Amino acid sequence: MRGIFTGLPWWVKWIAVPVIALVVFGGLIATVVGFVIGLLFKALIFVALVGGLIYVVRKFMSGSSSRGDW
């Protein structure tokens, strides 16, 4: 791989090749990044909902056991 880039100017290696890679694989990269961000967001929502549920249940259980209604 190094032999291919040896005689080329620096801007071909560091500017042209990455730009071509972004043009070719840009849609795929955007899809993967969007999927990962969506998955992280859903995981965060899940953790918040489960935490809220645990908080509400513990609050309800501690309040009901102290009253002695059950």
Side-chain angles (χ1 to χ4, degrees):
M1 193 69 177
R2 290 181 188 258
I4 296 172
F5 292 115
T6 49
L8 297 175
W10 65 271
W11 59 270
V12 173
K13 291 186 261 189
W14 299 107
I15 296 174
V17 173
V19 166
I20 292 171
L22 282 175
V23 168
V24 171
F25 298 109
L28 177 66
I29 293 170
T31 302
V32 170
V33 169
F35 176 74
V36 169
I37 289 174
L39 193 64
L40 288 174
F41 181 72
K42 288 178 183 177
L44 182 65
I45 295 277
F46 176 75
V47 168
L49 288 174
V50 169
L53 178 67
I54 291 171
Y55 175 77
V56 167
V57 167
R58 285 189 178 171
K59 197 79 160 169
F60 178 74
M61 294 297 286
S62 68
S64 66
S65 63
S66 64
R67 288 185 304 195
D69 290 344
W70 297 88

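From a predicted model like this one, the values you see are computed outputs, not experimental measurements.
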Single-linkage hydrophobic cluster, 4.5 Å side-chain cutoff, [X] and [Y] together:
| X | Y | value |
| --- | --- | --- |
| L28 | V24 | yes |
| I15 | I20 | no |
| V47 | L39 | no |
| V17 | I4 | yes |
| Y55 | V57 | no |

Handout entry: Approximate separation, where rounding is to 0.5 Å, of K42 NZ and I37 CD1
Key =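 The distance works out to 13.0 Å.
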
Handout entry: Nearest-0.5 Å distance that lies between atom CG in L44 and atom CG in L49
Key = 9.5 Å

Problem - Passing candidate, side-chain contact (heavy atoms from CB on, under 4.5 Å) with F25, options I29, V23, L22 - result: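 Testing F25 for a side-chain contact (heavy atoms from CB on, under 4.5 Å) against I29, V23, L22 leaves exactly one candidate, I29.
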
Problem - Close side-chain approach of T31 to F35, heavy-atom, < 4.5 Å - result: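 SC-SC contact between T31 and F35 ruled out.
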
